[in-house]
Structures are given as C-alpha cells and as structure tokens.
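Data first, discussion second: the structure below is written as structure tokens.
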Amino acid sequence: MKELLAQADHAVEKLRAARQNDLYPRFHLAAQAGWINDPNGLIFINGVYHAFYQHHPFDENWGPMHWGHATSRDLVHWQHQPIALAPGDADDRDGCFSGCAVDDHGVLTLLYTGHVWLGEPGDDSKLREVQCLATSQDGIHFTKHGAVLTPPAGIMHFRDPKVWRQDEQWWMVVGVKDSDLGQVWLYRSDNLRDWRFERVLAAAEHARQGYMWECPDFFPLGERQLMIFSPQGLAAQGYRYRNLFQSGYLLGNWQPGEAFEVIQPFSELDAGHDFYAPQTFTAADGRRLLFGWMDMWESPMPSKAHGWAGALTLPRELSLSAAGQVRMQPARELTALRREAQRFDAVRCRNQRLPLGDALHELLLTLDLTGSDAERYGVNLGDAARLYVDNQAHRLVLERFSDDPALCGCRSVPLPTGDHLQLRLFIDRSSLEVFVNDGEACLTSRIYPQDGDCRPGLFAESGEAHFPAIAGWTLDSIWQ
Ligand code: FRU
C-alpha cells in the first residue's frame with residue numbers, strides 16, 4: 001500500500017500546484033486539491049481530532065475512493081495529513097468507501113467499505129461491498145487487515161459502517177439496499193473482527209421512502225435515540241426533498257438487545273441546496289458533533305475548473321428540543337476564528353439595498369418580523385445569493401443565483417413563530433451556512449460569487465424592514 005499512497009500524495013501535490021483559490025474555502029475543511037465527498041472516521045482520540053473524507057487525489061471528479069485526512073487539537077485549526085487509505089487490495093480493489101473510526105484501547109481503528117466493481121466500473125447493478133478494518137499506531141499511517149464482514153447472498157449494496165461501544169460490546173450499523181428498499185442493519189462484536197447479525201433496525205416500507213439508505217448513524221441524544229441516514233430515491237414533495245438525495249433522521253427509543261421504536265417520522269436535517277452524508281462523533285467533553293458533506297451528487301461544481309471539488313460543513317453541535325426536533329448549531333469553539341467585532345446601528349430599510357461593508361465571514365442579525373412590512377427583506381451576498389423573509393409565503397428563503405440555470409433556485413423553511421428572527425450566517429468563498437434561531441433550522445448551500453464578491457448587504461422590497469441588531473466578523477483561516 002505504501003507505493004499507492006505515495007503516488008496518491010504526489011498526485012494531490014501536483015493538482016495543488018495548479019489550484020486556483022477564488023472559490024477555495026478559508027474556514028471549511030477541504031482537500032488540498034482533487035475531489036472529496038463524505039466525511040469519514042470522525043473521532044477525538046489521544047488528544048487529537050481526526051477528520052477523514054472520501055477523496056480522489058488524482059482528479060477533481062469522483063473516482064477510486066481514497067481516504068484523505070486532516071487533524072486538529074482544538075476542532076478549529078487543522079493540518080492536512082498524508083492520505084490514509086488507498087484502494088487496490090482484493091477487498092477494496094476499486095474504492096475505500098465511507099466508514100468510521102473507533103478508539104480500540106488507544107489504537108485508532110477504521111472500519112470502512114471495500115468496494116469492487118464486478119461489471120463495468122460505475123455499473124451499480126454488479127458490485128461487491130464488504131466492511132474492512134485498518135489500524136494505526138501513530139494516528140497517521142494505517143495497516144489494512146482486510147474484510148471483517150461480508151453481506152449475505154443477494155445483497156450487493158452494503159456500506160458505510162458506523163461503529164460504537166456500548167455495554168462492553170461493539171455495535172455496527174450498515175446501510176443496505178434489499179429488494180430496492182433502503183434499510184439499516186445492526187451487528188455486534190466482541191473484538192471488531194467477528195461480527196454477528198443482530199436485526200434490521202429500520203427499513204423503508206415502500207419505494208417512496210428510498211431504495212438505498214446510505215451513511216447510517218445511531219446514537220443517543222437527550223432522552224432519545226437518533227438514527228441519521230441519507231436516503232436515495234425520495235421524490236420532491238412541495239418544499240421538502242428538493243435535492244437529488246436527502247439526509248435526515250428518525251427519532252425513537254432503543255436499548256441494546258431491543259428493536260428501535262420509532263416515534264417520529266423522517267425529518268430532513270438541513271434545508272439548503274448542499275448537505276449530504278453527515279456523520280457524528282463525540283467531542284472531548286461529550287457533546288455530539290456533526291460534519292456533513294457540503295455538496296450534492298450530480299450538481300454542477302464550478303470549482304472543478306480550479307482543480308478541486310467538495311468541502312465539509314462547519315462542525316455542528318447537536319441537541320434535541322423539547323418537541324423532539326434536532327437542533328444544529330456551529331460548534332462553540334468556532335468563535336476562536338473571530339477577529340475584532342464590527343457592530344452596526346439598528347437599520348430601517350425601505351425599498352433599498354444597503355451594503356454592510358467589506359468582507360464579513362460571520363454575520364449575526366436580528367429581523368423584526370412584526371415591525372417589518374416589506375414583501376421581501378433580508379440579506380444579499382453580492383449577487384451570488386440572498387436570504388430573505390417572504391412575507392407572502394411566510395417562509396425564510398435562500399435563493400441562489402448563477403449563470404448556470406442548474407445552480408439557480410430557492411430552498412426555504414417556514415418562518416418560526418415569534419416577533420423576532422435571529423440569523424447567524426457563515427459566508428465562505430463559495431458557501432453559505434445559515435443557522436436560524438439557535439439551530440431551529442439550518443440552510444447550507446454552495447454559492448458561486450462573480451469576481452469573488454459575496455459582501456453582505458441588507459435589502460427590503462415593496463415596503464420597510466427593521467433590523468434591530470447587527471454584528472459581523474471576519475474570520476481567520478483554519479489551516480495551520
Ligand atoms: C455517500 C456515498 C456512500 C459511499 C460513498 C462513496 O455519498 O455514496 O454511500 O460509501 O459515498 O464515495
């Protein structure tokens with residue numbers, strides 16, 4: 001594997017030398033160059049946070065999947081590391097697909113899907129997927145140990161293991177496609193090498209609930225148990241399920257040895273254009289954190305022309321509201337990136353566009369819903385996107401603009417109740433993350449500003465809007 005890893009590292013360096021930075025993130029995890037998708041193997045172990053990701057180091061398009069790697073001591077500042085896994089062994093010949101990391105008595109241990117095309121590369125109807133194991137003594141270099149779990153006859157799509165320790169046992173959930181219905185299966189093990197099937201934990205009842213459930217995750221949150229997964233095959237329904245694929249959760253109750261009792265139907269986690277394949281992990285202090293992939297399969301990705309594609313979201317803290325809704329908020333550590341605060345006076349804006357000043361990367365804004373009568377009002381980011389209250393539809397809308405019609409369009413959430421709306425925006429060179437009312441809703445979208453201009457401004461159309469509180473920050477880079 002050493003030779004393959006060296007070739008992969010070399011390939012990234014070569015692409016990196018030609019990379020253009022206009023769209024490249026300042027404060028989001030991304031590869032130095034080439035393609036990335038899902039976050040993998042998120043873990044805090046031996047004093048270090050590790051984030052791995054699906055990576056094609058030879059090209060800005062998806063291809064034979066490697067695991068890229070970055071580390072951090074504080075969850076804020078990151079360092080690129082050498083590529084951790086390269087495909088090419090019998091069990092993972094055509095890809096080291098998504099998976100997780102666990103702390104096995106201090107040994108950083110990865111469980112991932114070995115992928116092999118049995119027909120033509122890319123032919124999804126003929127493939128073999130098995131769960132593989134790799135370990136590392138130093139947290140940087142990995143030794144592969146081959147397959148530890150193979151699917152029963154008849155199952156081909158069998159991937160994205162997520163493993164945790166509970167009640168002196170290892171537990172694994174895996175995403176499965178069984179007769180064109182998405183499912184999540186549960187296994188258990190004493191030693192991470194020998195796995196016993198436990199039960200089907202959750203399953204689509206009909207095709208409208210998805211033909212494949214990718215990237216399952218299963219963990220306690222508050223008093224409940226949460227199952228996160230990324231179903232493929234949900235059709236758009238009005239404002240819901242607008243993207244090609246979704247990511248969301250089922251809420252319920254579960255104890256080892258029992259069935260998963262679902263008490264709330266599937267809800268999407270994020271309402272933006274670009275959010276997929278999230279994975280959670282536990283912070284040093286026990287908080288449940290999440291990274292997602294901040295893109296969508298089959299979307300145009302203009303950064304490909306710059307030698308790279310794909311980024312992860314900011315790390316987010318999960319909590320559960322009393323009503324059983326998952327809330328996501330930016331990890332509190334991220335305030336360490338702030339430079340001096342820029343405070344603005346309250347603004348009344350009538351049929352106007354008011355620039356707020358130079359590049360701001362974080363913006364905290366209160367909108368007075370009862371004191372505003374404009375038909376549409378909110379924030380624009382140069383001409384790349386705008387986020388506004390639609391007073392007729394009673395929704396908060398994120399609208400993205402582009403020369404490419406495939407990238408244009410709106411995503412939205414219902415306006416929360418209350419007189420005021422609080423918005424926290426993170427504006428990177430080609431992305432926007434919006435946290436509404438401390439995480440009651442989230443919208444995450446890639447944006448593609450013309451000439452790099454995504455400076456925020458306020459606007460109100462057909463009437464007046466009142467912004468009683470506004471503060472902004474520029475943020476430092478996360479790269480060390
Ligand atoms: C999700 C996914 C996973 C798979 C990986 C391949 O985006 O399709 O199911 O393991 O990406 O890169």
Side-chain angles (χ1 to χ4, degrees), residues 8 30-31 34-42 51-69 83-87 91-101 110-117 121-125 127-132 134 147 149 151 155-163 172-178 182-185 204 210-217 228-234 243-248 269-270 273-280 290-299 301 309-313 444 446:
W35 164 276
I36 83 166
N37 53 288
D38 315 356
N40 292 157
L42 306 172
F52 301 84
Y53 45 82
Q54 290 285 280
H55 185 26
H56 191 198
F58 294 87
D59 201 280
E60 62 276 5
N61 294 292
W62 188 85
M65 282 292 102
H66 294 58
W67 276 37
H69 186 196
I83 289 173
L85 298 175
D91 288 321
D92 62 19
R93 194 185 68 209
D94 299 319
C96 298
F97 275 17
S98 284
C100 63
L110 308 180
L111 289 115
Y112 67 95
T113 298
H115 179 91
V116 174
W117 300 116
D123 179 354
D124 253 4
S125 67
L127 49 83
R128 176 170 182 264
E129 292 186 328
V130 297
Q131 313 321 326
C132 298
L149 175 61
I155 297 291
M156 268 193 289
H157 291 262
F158 181 67
R159 59 180 173 267
D160 310 336
K162 180 75 199 290
V163 176
M172 179 199 287
V173 281
V174 188
V176 177
K177 173 176 174 178
D178 189 357
Q183 305 195 342
V184 174
W185 291 8
Y211 58 79
M212 170 66 192
W213 288 5
E214 297 189 308
C215 301
D217 200 346
I228 290 183
F229 58 99
S230 296
Q232 297 177 295
L234 306 193
N243 298 331
L244 178 63
F245 301 144
Q246 279 62 46
S247 292
L269 271 168
D270 188 293
H273 296 81
D274 296 289
F275 181 84
Y276 195 63
Q279 181 175 116
T280 71
L290 172 148
F291 279 100
W293 175 36
M294 197 163 56
D295 289 281
M296 183 48 59
W297 287 112
E298 295 175 36
S299 285
M301 297 181 188
L312 303 187
T313 64
T444 302
R446 298 299 302 276

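Remember, it's 1-based here, ligands and their atoms both numbered in the order they're listed.
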Check your understanding: Parallel, tilted or perpendicular: which describes the rings of Trp297 and Trp62, with under 30° parallel and over 60° perpendicular?
Key -> perpendicular
Review point. Counting only N and O atoms by type, is there a donor-acceptor contact under 3.5 Å from the side chain of Asp38 to the main-chain atoms of Ala277?
Key: no
Point to revise | His115 side chain vs Arg93 backbone, donor-acceptor pair below 3.5 Å | key: no
Check your understanding: Which residues pass the side-chain hydrogen bond (donor to acceptor under 3.5 Å, both in side chains) test with Gln131, sequence neighbours left out?
Key -> Thr113
Point to revise | Any donor-acceptor N/O pair, Asp91 side chain to Gly114 backbone, under 3.5 Å | key: no
Protein N/O near ligand 1 N/O, under 3.5 Å, which pairs?
from, atom 1, to, atom 2, distance (Å)
ligand 1, 7 (O), Asp38, OD1, 2.7
ligand 1, 7 (O), Asp38, OD2, 3.3
ligand 1, 7 (O), Trp297, NE1, 3.0
ligand 1, 8 (O), Glu214, OE1, 3.4
ligand 1, 8 (O), Glu214, OE2, 2.8
ligand 1, 9 (O), Arg159, NE, 2.9
ligand 1, 9 (O), Asp160, OD1, 3.4
ligand 1, 9 (O), Asp160, OD2, 2.7
ligand 1, 9 (O), Glu214, OE2, 2.8
ligand 1, 10 (O), Ser98, N, 3.1
ligand 1, 10 (O), Asp160, OD1, 2.6
ligand 1, 11 (O), Asn37, ND2, 3.2
ligand 1, 11 (O), Asp38, OD2, 3.2
ligand 1, 12 (O), Asn37, ND2, 3.1
ligand 1, 12 (O), Gln54, OE1, 2.8
ligand 1, 12 (O), Trp62, NE1, 3.0

Check your understanding: Taking Tyr112 as the fixed residue, which of Asn40, Asp160, Asp92 is the one that meets the side chain to side chain donor-acceptor pair (under 3.5 Å) rule?
Key -> Asp92
